[in-house]
Undergrad: 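Pasting a structure here, questions to come.
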4 protein chains.
Amino acid sequence: MPRIARNVRGTLSETRRTQILEAAARVFARRGFDRATIQDIARAAKLSEGSIYNYFRSKEELLVHIPQHLVRPLFIPLVEGDVPETLGEAEEILLGVCHGMVARVQEYAPFLKVFLSALPHLSPATREHYMQLLPTYAAERLERFLREGIRRGIFRADINVEIAARLLPGMLLLFLMTQEVLLVHPIVAQGYDSIIPEAVRLFLYGATPRVLTPRPSATS
Amino acid sequence: MPRIARNVRGTLSETRRTQILEAAARVFARRGFDRATIQDIARAAKLSEGSIYNYFRSKEELLVHIPQHLVRPLFIPLVEGDVPETLGEAEEILLGVCHGMVARVQEYAPFLKVFLSALPHLSPATREHYMQLLPTYAAERLERFLREGIRRGIFRADINVEIAARLLPGMLLLFLMTQEVLLVHPIVAQGYDSIIPEAVRLFLYGATPRVLTPRPSATS
Amino acid sequence: MPRIARNVRGTLSETRRTQILEAAARVFARRGFDRATIQDIARAAKLSEGSIYNYFRSKEELLVHIPQHLVRPLFIPLVEGDVPETLGEAEEILLGVCHGMVARVQEYAPFLKVFLSALPHLSPATREHYMQLLPTYAAERLERFLREGIRRGIFRADINVEIAARLLPGMLLLFLMTQEVLLVHPIVAQGYDSIIPEAVRLFLYGATPRVLTPRPSATS
Amino acid sequence: MPRIARNVRGTLSETRRTQILEAAARVFARRGFDRATIQDIARAAKLSEGSIYNYFRSKEELLVHIPQHLVRPLFIPLVEGDVPETLGEAEEILLGVCHGMVARVQEYAPFLKVFLSALPHLSPATREHYMQLLPTYAAERLERFLREGIRRGIFRADINVEIAARLLPGMLLLFLMTQEVLLVHPIVAQGYDSIIPEAVRLFLYGATPRVLTPRPSATS
DNA sequence: GATGAATGAGTCTTCATTCAT
DNA sequence: TATGAATGAAGACTCATTCAT
């Protein structure tokens, strides 16, 4: 049935690949990589088993290609070219980044589940391939954001940018992992509307009391 | 060959079960639940395949029983009864907590891998059970630590303790997950000796300059 | 792309068939019948898989039809109408026949390999079909050659022509099979230049010492 | 059902291997390597498919191991230590050798079919291995036979023994191959009872008329 | 006629589980 | 209780053949 129009050559092929990968992602998410069968995926893609092999060489290749097709949107930069001019602006931006991150993880939770359970046991090559994409991508943007902020005196000059850019996402990760991926009852009743501001504030101002607000005489 | 003294009836049985579960945990960690075979486990336990079925009804039952035996030590408190008296002391303690956390994850990485690979097979109830242990346990201790610190004026009074107690572990989680569990090349060359102080400092003092630096009408 | 001039109706079809059969023969020779895929053959013929089925009903049909096109030259008579007048002449002719046979087997070795490996598993009808062609054809010529030789007193009158006509080719067969078809290191270092004369001499004069060479009052 | 007694450890295993290899040889002979299925072989061995893999790692391994178990008897010498004292004795012996050869090929025809069908899949090394056994073995014995005969003046002194020892088996090969292995209707109606004497006579006396018949005190 | 994507039956192989000893 | 051979269901993957375009 899925005999698709001819003219669109090349596009058809791309369409099929997407169709298959989307099905694979759904099935992997539901059953886990090892328990998902090609037949499951074929059915989900409304294709025959054989057809899948016209587009991908193996089941593992399906897994490897899922992010390329499906998760790409996951990596559309959260922090565009935004450069913070004031601290308030920085806070604004970071709140936005965090909300975006949460929304995205929520949206892609099923896939992330597969990802987590399958990855540790796949070939090192496959693992590397994935990891290049995932947290790195997000972090690189944040690094630039921090660097710009430092240049403008908004952030401490002695921050290790490389590390700090991963600390903020990390803060949310524990919540996201447990609630969205592992599907455990909410840890914190208030939800992300409380968590995110708290995280951003901690990230910007720390846990210790500001000295009378940044106003008067130095650190003393 | 594993013919163990008979007298200890009941205990022998318990010994065998432990012997098998420990082997299973090792194998699951190395290969993932679905890829681990009963033969693998039997060999690791220095028993025959058939014998395993004298103690457990199925492969899945092995999985369910693992934590009871092996994971308990993972939850020995990181933050004992420590109560911080000064900021410096607090910093000291947090550094210790973080180092402990890293060490423990490194030690239990294999088990965490089992946990992840097993996810698709765990019932929601079992998942809950695990998660109650894992980050919750650690967090509860930190909550008390923060509350005491607030009472002593070391920490901001407006901190949401419940959340903040999870933000610090979270900060490290991203590094731990990628490096220890997913086994990807180190993100940050310097290793945890750089990461942990950076995280603690950020947690305590935030990313913005302390007072008097930010001098000139910061936000203004 | 293989759109060939139309006018030659019927001939075009024949061209295509030859094109396909030649490709099939090459592929069969390289991979063996069962391991050769239609895709292999299609590629070798620079056609699509589907097109092959416009000319042949099945893969097996390809095999059956190969000799008709390709092997025919294998059967161009080795022994033309030659009639031996003297023993010396007969020897001359037989040497020529043997050299021709060797050359041909060497040329067609790849095909013979397919033939040998595929044949035992084909339908009896197909097998008969092949066998009519192969050794029979060659033998019939030799039979006439022998009969003429006997009539002229060159060969023993009590020879069973039918059998003897197959004994000479047989002599070479062992060498050809092992060296050309099975590709084993040469049995006899000297090569066919030693083997052929030896075979012909044995065929003509046998292994026992001639009594004073054929000198005296012949058989008469 | 094939649960065999325990005590014979090691022997049981060997028994099973033989049982499987014999079944495999039969099936390969009937269907060819590629067309034989593991299920066929399992059924022929009265075992389940899975059991086969307890003894051999793959289908190909079955092929490689067949000769070791089954073909050995094929190579029990045809020409014992026999040394011909007179021409008549030599003829006697050669007739015996030929009959033995035919009988053996007939007996092992199924295996030879396996061998042929498997050819494309054998590594050059394996092919060599086989071929060392097959015609070489038989030929070596004949070589000695001929040498002894020459020393006794029974055979021509100018015979190339190495070659001649392969010409006699070769003579029969064409018949054997076509009739026993390729299973084509008999070429020569009379069967081997005519063919063998004809071949031996041709080998000994050649196709040309004897001068005065071998009169002069043959061995004498 | 030519194409090549779609199909699905058929294969090898793995592995949890059973059970005779 | 321990063993490990036997089992057979299940799954990844191949490929001859069909057929819409």
Undergrad: When the distance from CD1 of A/I20 to P of E/dA5 is rounded to whole Å, what number comes out?
TA: 12 Å

Undergrad: Only Watson-Crick and G-U wobble pairs, only distances under 3.5 Å, only runs of 3 or more: what stems does that leave for DNA chain F?
TA: E:2-21 with F:2-21

Undergrad: Summarise how protein sits on nucleotides 10-16 of chain F as a single string, 5' to 3': B when a protein heavy atom is under 4.0 Å from the base, S for sugar-phosphate-only contact, - for no contact.
TA: -SSBBSS

Undergrad: CD1 of D/I41 versus P of E/dT11: gap in Å, rounded?
TA: 12 Å

Undergrad: Is there a side-chain contact between D/I41 and D/L47 (heavy atoms, below 4.5 Å)?
TA: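 The answer is no, as the side chains (C-beta and beyond) never meet within the 4.5 Å cut-off.
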
Undergrad: Given atom CD1 of C/I52 and atom P of E/dG4, what is their separation to the nearest angstrom?
TA: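 Nearest whole value for this atom pair: 12 Å.
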
Undergrad: When rounded to the nearest 0.5 angstrom, what distance separates CG in B/L21 from CD in B/E14?
TA: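 These two atoms lie 8.5 Å from each other.
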
Undergrad: Going by the side chain to side chain contact (heavy atoms under 4.5 Å, CB included) test, name the single residue among B/L62, B/T15, B/N54 that passes it with B/I20.
TA: B/L62

Undergrad: Run D/T37 and D/D40 through side chain to side chain donor-acceptor pair (under 3.5 Å) and show every step you take.
TA: CA-CA 5 Å; D/T37 72; D/D40 289 339; 3.3 Å; yes

Undergrad: Can you tell me which residue pairs pass the salt bridge (charged side-chain N to carboxylate O under 4.0 Å, His left out) test with a partner in residues 50-60 of chain B, sequence neighbours excluded?
TA: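 Every salt bridge (charged side-chain N to carboxylate O under 4.0 Å, His left out) pair that includes a residue of residues 50-60 of chain B, provided the two are not neighbours, is B/R57-B/E61.
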
Undergrad: Who pairs with D/Y53 by side chain to side chain contact (heavy atoms under 4.5 Å, CB included), at least two apart in sequence or on another chain?
TA: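 Only D/I38 meet the side chain to side chain contact (heavy atoms under 4.5 Å, CB included) criterion with D/Y53.
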
Undergrad: Identify, with sequence neighbours excluded, every residue that meets ring pair (Phe, Tyr, Trp, His ring centres under 6.0 Å) alongside B/F33.
TA: B/F28, B/H121

Undergrad: Return the set of residues passing ring pair (Phe, Tyr, Trp, His ring centres under 6.0 Å) with D/F56 (not counting sequence neighbours), or none when no residue passes.
TA: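 For D/F56, the residues satisfying ring pair (Phe, Tyr, Trp, His ring centres under 6.0 Å) (neighbours in sequence not counted) are D/H65.
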
Undergrad: Measure from CZ on A/R43 to C1' on E/dT7 and round the result to the nearest Å.
TA: 15 Å

Undergrad: Answer with base, sugar-phosphate or nothing: what part of the nucleic acid does B/Y55 contact at a heavy-atom distance below 4.0 Å?
TA: sugar-phosphate

